[in-house]
Amino acid sequence: MKTLIIIPTYNELENLRPLLQEIFSYAPDTDVLIVDDNSPDGTGKQADEIHNENPQVHVLHRAGKLGLGTAYIAGFKYAVAHDYDAAFEMDADFSHDPRYLPDFLKAIEHADLVIGSRYIPGGGTPNWSFLRRLISGGGNIFARFMLRIPVHDCTAGFRCYRRQVLESIDLDTIQSQGYAFQVEMAYRVMQQGFKIVETPIVFMDRRIGKSKMSRKIVIEAFIYVLRARFGKKPPAHTPSRQKSNEQKETSTEVEEIPSVAQKLR
């Protein structure tokens with residue numbers, strides 16, 4: 001399977017090289033796309049240098065800080081245009097541990113969307129404060145209840161989508177950022193009836209640099225859920241390819257699978 005890991009960056013100079021080294025140690029055959037928002041610290045320039053050293057690393061430069069959601073949309077379009085079978089979302093700050101990549105690659109062979117979940121057995125957030133756990137956990141419960149998304153961690157950002165999923169969603173109609181982007185994508189996938197699998201991950205705070213989470217991101221997610229539940233539904237989009245045989249046509253199937261990385265710890 002031809003896979004692409006999409007990594008949005010903004011001031012990740014110290015993280016980028018060691019992260020890529022770990023990614024290729026666990027998934028040596030994958031490609032990586034760095035989507036850099038004109039980082040003042042030179043992350044984009046470093047990404048170009050790495051591309052010259054390793055052709056598996058590709059780079060998209062954007063004019064400025066345009067948001068996480070639009071960075072992933074640009075990456076998804078790149079994946080479809082370059083005939084990748086599956087595309088990952090992954091943070092640049094080591095919050096998403098590359099050691100889980102083999103779990104994702106195994107799971108995506110029999111699923112349409114794989115979500116790295118903090119809220120199923122084997123997952124966790126060991127170094128989070130009580131307030132952050134309350135906000136994240138409460139937000140997930142709220143989104144799941146209001147939108148009836150059968151996923152334990154619908155705000156998770158460590159994911160892998162099959163190409164057919166990305167082709168079935170009108171990516172240009174997605175406007176959300178941050179947590180809301182992840183909720184909206186999960187909701188769209190559910191509406192299309194694709195098969196979703198959750199695999200456990202332990203989410204750690206970033207090693208270097210400052211967290212980009214803000215009150216605005218949390219509020220946007222809350223407002224999106226209310227609009228999606230009570231507002232006008234997004235237009236349907238006809239898939240350009242047939243769905244997999246394992247998909248249900250009337251409801252989304254969600255499975256939990258154990259993590260190989262968790263078993264080895």
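Just so you know, these numbers come straight off a predicted model, no measurement behind them.
With rounding to the nearest 0.5 Å, the separation of CD in Glu22 from CZ in Arg99 is 10.0 Å. If you take OG on Ser117 and CG on Asn140, they are separated by 8.0 Å, rounding to the nearest 0.5 Å. The CZ atom of Arg188 lies 12.5 Å from the CZ atom of Phe194; values are rounded to the nearest 0.5 Å. A distance of 9.0 Å separates OG1 in Thr125 from CZ in Phe203, rounded to the nearest 0.5 Å. With values rounded to the nearest 0.5 angstrom, His96 atom NE2 is found 11.0 Å from Leu19 atom CG. With rounding to the nearest 0.5 Å, the separation of OH in Tyr10 from CG in Leu66 is 10.5 Å.
Here the side chain of Thr3 pairs no donor or acceptor atom with the backbone of Thr30 at under 3.5 angstrom. A side-chain donor-acceptor contact under 3.5 Å links Glu198 to the backbone of Asp153. Using modelled atom types, one side-chain atom of Asp93 and one backbone atom of Ser95 make a donor-acceptor pair closer than 3.5 Å. Checking side-chain atoms of Tyr100 against main-chain N and O of Val202 turns up a donor-acceptor pair under 3.5 Å. The backbone N or O of Gln182 sits less than 3.5 Å from a side-chain atom of Arg159, completing a donor-acceptor pair. Side chain of His58 to backbone of Leu33: no donor-acceptor contact under 3.5 angstrom is found. Here the side chain of Asp41 pairs a donor or acceptor atom with the backbone of Leu13 at under 3.5 angstrom. When atom types are taken as modelled, the side chain of Thr199 and the backbone of Gly116 share no donor-acceptor pair closer than 3.5 angstrom.
Here the closest heavy-atom approach between residue Ile6 and residue Ala71 is recorded as CG2-O, 4.5 Å. Of all the heavy atoms in Cys160 and Ile108, the pair that sits closest is O-CD1, 3.6 Å. When all heavy atoms of Asn127 and Arg133 are compared, the pair lying nearest together is N-NH2, 4.3 Å. Taking each heavy atom of Ala79 and Arg163 in turn, the nearest pair found is O-NH1, 3.8 Å. The two residues Glu109 and Arg162 have their closest heavy-atom pair at O-NH2, 3.1 Å.
Aromatic ring pairs are classed by plane angle as parallel below 30°, tilted from 30° to 60° and perpendicular above 60°; the pair Tyr78 and Tyr84 is parallel.
A donor-acceptor contact closer than 3.5 angstrom links the side chains of Arg118 and Thr155.
Residue Phe130 belongs to a hydrophobic cluster whose other members are Leu134, with links defined by side-chain heavy atoms closer than 4.5 Å.
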Could you go through Leu20 and Asn54, starting from their C-alpha distance and side-chain angles, then the distance that decides it, and tell me whether this counts as side chain to side chain contact (heavy atoms under 4.5 Å, CB included)?
CA-CA 10 Å; Leu20 291 173; Asn54 184 352; over 6 Å; no
Salt bridge (charged side-chain N to carboxylate O under 4.0 Å, His left out) between Arg62 and Asp37: does it pass, once the steps are laid out?
CA-CA 5 Å; Arg62 305 204 300 171; Asp37 278 3; 2.6 Å; yes
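Checked against Gln56 for a side chain to side chain contact (heavy atoms under 4.5 Å, CB included), the options Leu4, Asp29, Asp31, Ile5 give a single hit: Asp31. Asp36 pairs in a side chain to side chain donor-acceptor pair (under 3.5 Å) with only one of the listed residues (Asn11, Thr9, Thr43), which is Thr9.
The number of heavy atoms from other shown groups lying within 6.0 Å of NZ (Lys2) is above 12.
The salt bridge (Lys or Arg N to Asp or Glu O under 4.0 Å) pairs that include a residue from residues 120-131 number zero, where partners must be two or more places apart or lie in different chains.
For Phe104, the ring pair (Phe, Tyr, Trp, His ring centres under 6.0 Å) partners two or more places apart in sequence, or in a different chain, are Phe88, Phe158.
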